[in-house]
Amino acid sequence: MCEGVPLPALAEVAGTPLHVYSRLELRTRVSALDTAFAAYPHDLHYAIKANSTLAVVREMRAGGAHADVNSGGEIEVALRAGFTPDQIVFTGVGKTHDELVRAVTLGLKAINAESPGEMERIDAIARAHGTTARVAVRVNPDVDAGSHPHISTGHRANKFGMTPTQAHAMVTSMAARDHLKVVGLHVHVGSQITDAEPLRRGASAIADLAIALAAEGIRLEHLDVGGGLGIAYQAAQTVLSADDYAAAVVPVVQATGLRLVLEPGRWVTAPAGVLLTRIVDLKTQADGRWFVIADAGMTDLLRPALYSAWHAIEAVERRDGPPIACDVEGPVCETSDTLGKGRELPPVLVGDLLAVRDTGAYGAVMASNYNRRTVAAEVMVDGSDWRVVRKRQTVDDMLQWDM
Ligand SMILES: Cc1ncc(COP(=O)(O)O)c(C=O)c1O
């Protein structure tokens, strides 16, 4: 079941592969995070990169969140979901001229600048348009996030942000410009973080810098500590609660008196989604274990292939009998195309449904047409109702740009 709706009924009507979201879970999680930080002035800016389906983004807005975007496309998603420019922060390591023009002329709450060169480009655009751009400076605190290297962003070898020393010099030299207003500092040390220390150290790097800048008379408006809070993809995994997270970050920023900005993605949306997939083939391996071949693969959920990520996989309808040892594989012509290796499932047959858990973040957003597979549909469940919130792509949709 997802809320009051049986998953087989969804698969029957909407087909598979199918991303299924629980509206209740989305709302519950965004409000739980907000409550955890209630004692300190803060704004949650939902990281749209985690799941940018309009219906999901609208739920985040309805739950009181603002938006964090990573590209021109995500700026438009945020606007269409109803956010106003002063509710949007814009991060991104390679913002193009057109993206910066759009951000500056909209007057976003903050453009999180990644380099001195980007600050100069923002300044020039703001001057040319006779406006003042609100910028925050992304600091790379040289912290090991302790998560997968592909989703760690705060180490000095990573391409993101500037050292605290560079950031300090830049803010000092640019604070007096007519067309730039430095409103904040930004840090994001990585994603799927399960230990408080890297999050605390990231926050502390920008809090220390804010205090040094205040001593020079440069007063900011906010400290943006990014996202990164991890979830338990495996039941036995130890993770931080929302309260643990607040307890790690709030005392660090408190001394600055500045408003806190958070950019959560995964923690709010991942557990609110499952990927529903049907078994299309079964065969035994040389060692006696099974290959369970599903109709969903890396084009629907890239994380296992991209980061060896682990997602729980369950049979939707349980059959009696001894469990089988298996690898649950996708249909794509790549050995890395897997949903989960080394699993145990109840006995299954071709045509049975599997639910891959915690796919509400970094799932549908990473879809591709590789192998000319069409992109899966997405549905939102609300109590005993549900609706398609993103149509399944057709072959005609997919081929419409080919000349
Ligand atoms: C700048 C920035 N903010 C926020 C996020 C959201 O992170 P998470 O989904 O781990 O909360 C990301 C994702 O990595 C990011 O790059």
Side-chain angles (χ1 to χ4, degrees), residues 26 29-30 32-34 36-37 42-52 56-57 60 65-71 74-75 78 88-95 99 103 108-114 118 136-141 143 145-155 158-162 184-196 198-199 202-203 206 222-233 239-242 244-246 248-249 260-273 302-303 306-307 309 358-366:
L26 286 169
R29 295 186 74 83
V30 76
L33 199 54
D34 205 27
F37 283 88
H42 70 278
D43 295 302
L44 294 186
H45 282 251
Y46 167 60
I48 286 182
K49 67 186 286 194
N51 188 321
S52 58
V56 171
V57 180
M60 294 292 118
H66 295 174
D68 162 46
V69 300
N70 256 271
S71 69
E74 287 189 358
I75 291 177
I88 302 172
V89 296
F90 179 22
T91 314
V93 77
K95 304 180 197 76
E99 288 175 326
L108 298 189
K109 170 171 169 170
I111 303 173
N112 292 332
E114 293 268 349
E118 186 173 87
V137 176
R138 181 162 182 177
V139 173
N140 182 323
V143 165
S147 64
H148 190 282
H150 292 186
I151 49 174
S152 295
T153 51
H155 187 268
N158 302 140
K159 65 186 174 183
F160 303 97
M162 290 163 266
L185 298 172
H186 176 233
V187 73
H188 170 76
V189 297
S191 195
Q192 185 50 21
I193 297 172
T194 55
D195 173 19
L199 295 164
I206 54 173
H222 70 246
L223 291 181
D224 180 343
V225 295
L229 186 59
I231 62 150
Y233 284 99
V239 292
L240 300 170
S241 67
D244 297 335
Y245 181 35
V249 168
L260 182 60
V261 168
L262 301 134
E263 301 172 351
R266 183 189 311 273
W267 194 88
V268 276
T269 60
L302 185 59
R303 299 187 69 256
L306 188 62
Y307 322 122
D358 301 316
T359 54
Y362 308 107
V365 278
M366 290 193 189

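Both ligands and their constituent atoms are indexed starting at 1 by order of listing.
Under the 4.0 angstrom criterion for non-hydrogen atoms, F160 is not in contact with ligand 1. Between P264 and ligand 1 there is a heavy-atom distance shorter than 4.0 Å.
Taking the six-membered ring where tryptophan is involved, the planes of H42 and F37 are tilted, since the angle between them lies from 30° to 60°.
At least one N or O atom of K49, backbone or side chain, sits closer than 3.5 Å to an N or O atom of ligand 1. An N or O contact shorter than 3.5 Å links G265 to ligand 1 by distance. Note: an N/O pair closer than 3.5 Å links G228 and ligand 1 by distance alone. In terms of N/O distances under 3.5 Å, ligand 1 is approached by R266.
For D68, the side-chain hydrogen bond (donor to acceptor under 3.5 Å, both in side chains) partners are T91, not counting sequence neighbours.
With a 4.0 Å cut-off on non-hydrogen atoms, N112 does not touch ligand 1 at all. When non-hydrogen atoms are compared, ligand 1 lies under 4.0 Å from the side chain of H188 (C-beta onward) but not from its backbone.
Side-chain N/O atoms of K109 and H45 include a donor and acceptor closer than 3.5 Å.
Considering each of W267, Y46, F90, Y362, the one bringing a non-hydrogen atom nearest atom 9 (O) of ligand 1 is Y362.
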